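Have a look at the structure below, then the notes.
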Amino acid sequence: MTEDGPTAGLDPARLPRHIAIIMDGNGRWARKRFLPRIAGHRAGVKAVDRVVTYCRKIGVEALTLYSFSSENWKRPADEVGALMNILKEYLERELERMLREDIRFNAIGTLDTLPAFAREAVLGAMERTRDNKGMVFTLALSYGSRDEMVRAARNMARAVKEGRLEPESINEDTFSTYLDTAGLPDPDLLIRTSGELRLSNFLLWQTAYTELFFTDKLWPDIGDDDVAEAIAAFGKRERRFGKTTEQVTGGKGQVP
Ligand code: IPE
Ligand code: IPE
Ligand code: MG
């Protein structure tokens, strides 16, 4: 944060409504320091704190963090167990702050696969913050985009079978409402840290027209300046959604 405040240099008209982040590089951060991987995850939580605080301050409406993928269950059991403990501790510690700062906590993914102690912390935080309006803060937990879409298709099929849904009425909006992200706007900006250039099964449907920003920095090293840099880059992009430059700029040749 600069002396000019958290929004210095950011054009409010070009602020992404929804930022999604693939928080990657915790293991490499620890390895560089000859520390166990879990130390990297603990350092990563501090970066989460910084980014949540910053996004809330500058007026981002929705922040979604990829915390644990459906594929991450394949990691060593001790790492998975430690991540579940970190999640529970994080939610218990941050609940007060979320209530104070009007943040609504949300989670996407197959929550029923989480160990009971972690699932209860997640559902409890969602329940306690459900009326908050300042920012929606979503953690993707045991989340995989293909799994989410398969579950949506299964639920739609069930609705058709039970006579609650007409196959002919299914369109993109209908499909969206069957996803875990129902009610959230699609991400405007997606950031991935640690230099990897892939989506790793994150929000594949929702990122159809999302602007992508990649940084080599490892997640535990991320701070306000990095998010500000990504937002500034986003502000310079021309989002055409299939149209021509002339159409989106009203013929003025400028970014709208
Ligand atoms: C991201 O960091 C956190 C999770 C996936 C839980 P990693 O643990 O993937 O870190 P690297 O990629 O091994 O450095
Ligand atoms: C993606 O990171 C999942 C999260 C950030 C939670 P990974 O580290 O699991 O992704 P891959 O395996 O390198 O693609
Ligand atoms: Mg990784």
Side-chain angles (χ1 to χ4, degrees), residues 1 6-7 10 12 15-24 26 41-69 72 83-111 114 118-145 148 176 179-193 200 202-203 206-207 210-211 213 219-220 222-224 226-228 230-231 234:
M1 197 195 304
T7 54
L10 295 177
L15 191 66
R17 287 180 68 196
H18 183 178
I19 300 179
I21 307 183
I22 302 176
M23 313 184 283
D24 201 8
N26 293 353
H41 295 313
R42 292 208 176 273
V45 173
K46 293 187 180 142
V48 171
D49 280 343
R50 290 193 290 274
V51 170
V52 170
T53 304
Y54 182 68
C55 287
R56 174 72 183 96
K57 224 176 260 177
I58 64 174
V60 169
E61 288 174 40
L63 174 68
T64 300
L65 303 182
Y66 202 6
S67 307
F68 191 85
S69 74
N72 288 150
L83 282 167
M84 293 300 146
N85 280 321
I86 287 178
L87 169 66
K88 176 183 184 279
E89 285 166 23
Y90 173 79
L91 289 174
E92 284 175 358
R93 193 177 61 242
E94 291 302 307
L95 185 58
E96 270 313 305
R97 177 257 265 271
M98 293 194 272
L99 290 169
R100 193 171 61 242
E101 296 184 6
D102 200 23
I103 294 170
R104 176 160 72 82
F105 176 73
N106 180 39
I108 56 174
T110 47
L111 304 181
L114 299 176
R119 188 172 60 246
E120 278 158 23
V122 167
L123 296 177
M126 285 170 74
E127 176 60 29
R128 291 279 307 277
T129 61
R130 59 186 284 178
D131 296 326
N132 289 355
K133 302 270 187 294
M135 179 174 84
V136 188
F137 168 43
T138 302
L139 288 185
L141 296 166
S142 188
Y143 175 86
S145 191
E148 178 191 35
S176 293
L179 295 173
D180 296 350
T181 49
L184 281 175
D186 286 342
D188 300 295
L189 170 64
L190 179 136
I191 301 170
R192 181 166 190 157
T193 62
S200 301
F202 189 44
L203 302 177
Q206 298 87 340
T207 52
T210 299
E211 297 295 329
F213 183 91
W219 176 251
I222 293 293
D224 298 7
D226 301 294
V227 181
I231 294 174
F234 169 82

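What you are looking at is a predicted structure, and each value in this text was computed from that prediction instead of being measured. Values reported hereafter were calculated over all heavy atoms of this structure, with side chains retained and with hydrogens, waters and symmetry mates removed.
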Please tell me if the side chains of [X] and [Y] come closer than 4.5 Å, counting only heavy atoms from C-beta onward.
{"X": "Ile21", "Y": "Arg192", "value": "no"}
{"X": "Asn72", "Y": "Leu83", "value": "no"}
{"X": "Val48", "Y": "Phe137", "value": "yes"}
{"X": "Val122", "Y": "Phe105", "value": "yes"}

Apply salt bridge (Lys or Arg N to Asp or Glu O under 4.0 Å) to [X] and list each qualifying residue two or more places apart in sequence or on a separate chain.
{"X": "Asp226", "result": "Lys217"}
{"X": "Asp49", "result": "Arg97"}
{"X": "Arg104", "result": "none"}

Any donor-acceptor pair under 3.5 Å from [X] side chain to [Y] backbone:
{"X": "Ser69", "Y": "Gly144", "answer": "no"}
{"X": "Arg128", "Y": "Leu95", "answer": "no"}
{"X": "Glu211", "Y": "Phe234", "answer": "no"}
{"X": "Ser142", "Y": "Leu114", "answer": "no"}
{"X": "Arg50", "Y": "Ile222", "answer": "yes"}
{"X": "Asp102", "Y": "Gly134", "answer": "yes"}

[atom2] on [Y] to [atom1] on [X], rounded to 0.5 Å:
{"X": "Trp219", "Y": "Asp24", "atom1": "CH2", "atom2": "CG", "answer": "11.0 Å"}
{"X": "Ile231", "Y": "Leu15", "atom1": "CD1", "atom2": "CG", "answer": "5.5 Å"}
{"X": "His41", "Y": "Met23", "atom1": "NE2", "atom2": "CE", "answer": "10.0 Å"}
{"X": "Leu91", "Y": "Glu120", "atom1": "CG", "atom2": "CD", "answer": "12.5 Å"}
{"X": "Met84", "Y": "Arg119", "atom1": "CE", "atom2": "CZ", "answer": "11.0 Å"}
{"X": "Asp186", "Y": "Gln206", "atom1": "CG", "atom2": "CD", "answer": "6.5 Å"}

Open item on the list: Pair Met135, Val52 - check side-chain contact (heavy atoms from CB on, under 4.5 Å), show working.
Closed with: CA-CA 9 Å; Met135 179 174 84; Val52 170; 4.1 Å; yes
Please report the closest heavy-atom contact between [X] and [Y], naming both atoms and the distance.
{"X": "Ile103", "Y": "Asn132", "answer": "O-ND2, 2.9 Å"}
{"X": "Ala118", "Y": "Leu87", "answer": "CB-CD2, 4.2 Å"}
{"X": "Gly44", "Y": "Asn26", "answer": "CA-OD1, 4.1 Å"}

- [ ] Go through Thr138 and Asp180 one step at a time and tell me if the side-chain contact (heavy atoms from CB on, under 4.5 Å) criterion holds.
- [x] CA-CA 11 Å; Thr138 302; Asp180 296 350; over 6 Å; no
Considering only distance and modelled atom types, tabulate donor-acceptor pairs under 3.5 Å from the side chains of residues 60-67, sequence neighbours left out.
residue, atom, partner, partner atom, Å
Glu61, OE1, Arg17, NE, 3.1
Glu61, OE1, Arg17, NH2, 3.1
Glu61, OE2, Arg17, NE, 3.2
Thr64, OG1, His18, NE2, 2.7
Tyr66, OH, Tyr143, O, 3.2
Tyr66, OH, Ser200, O, 3.0
Tyr66, OH, Asn201, O, 3.4
Ser67, OG, Leu65, O, 3.4

- [ ] Can you run down the salt bridge (Lys or Arg N to Asp or Glu O under 4.0 Å) pairs that involve residues 130-139, sequence neighbours left out, and say none if there aren't any?
- [x]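 Applying salt bridge (Lys or Arg N to Asp or Glu O under 4.0 Å) to every pair that reaches into residues 130-139, excluding sequence neighbours, yields Glu127-Arg130.
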TODO: For the pair Phe202 and Leu190, evaluate side-chain contact (heavy atoms from CB on, under 4.5 Å) and give the outcome as yes or no after the intermediate values.
DONE: CA-CA 10 Å; Phe202 189 44; Leu190 179 136; 3.8 Å; yes
- [ ] Go through the steps to decide whether Glu94 and Glu101 satisfy the test side-chain contact (heavy atoms from CB on, under 4.5 Å), and finish with yes or no.
- [x] CA-CA 10 Å; Glu94 291 302 307; Glu101 296 184 6; over 6 Å; no
- [ ] Using ring-ring contact (aromatic ring centres under 6.0 Å, His included) as the criterion, list what pairs up with Tyr90, not counting sequence neighbours.
- [x]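 Expected list: none.
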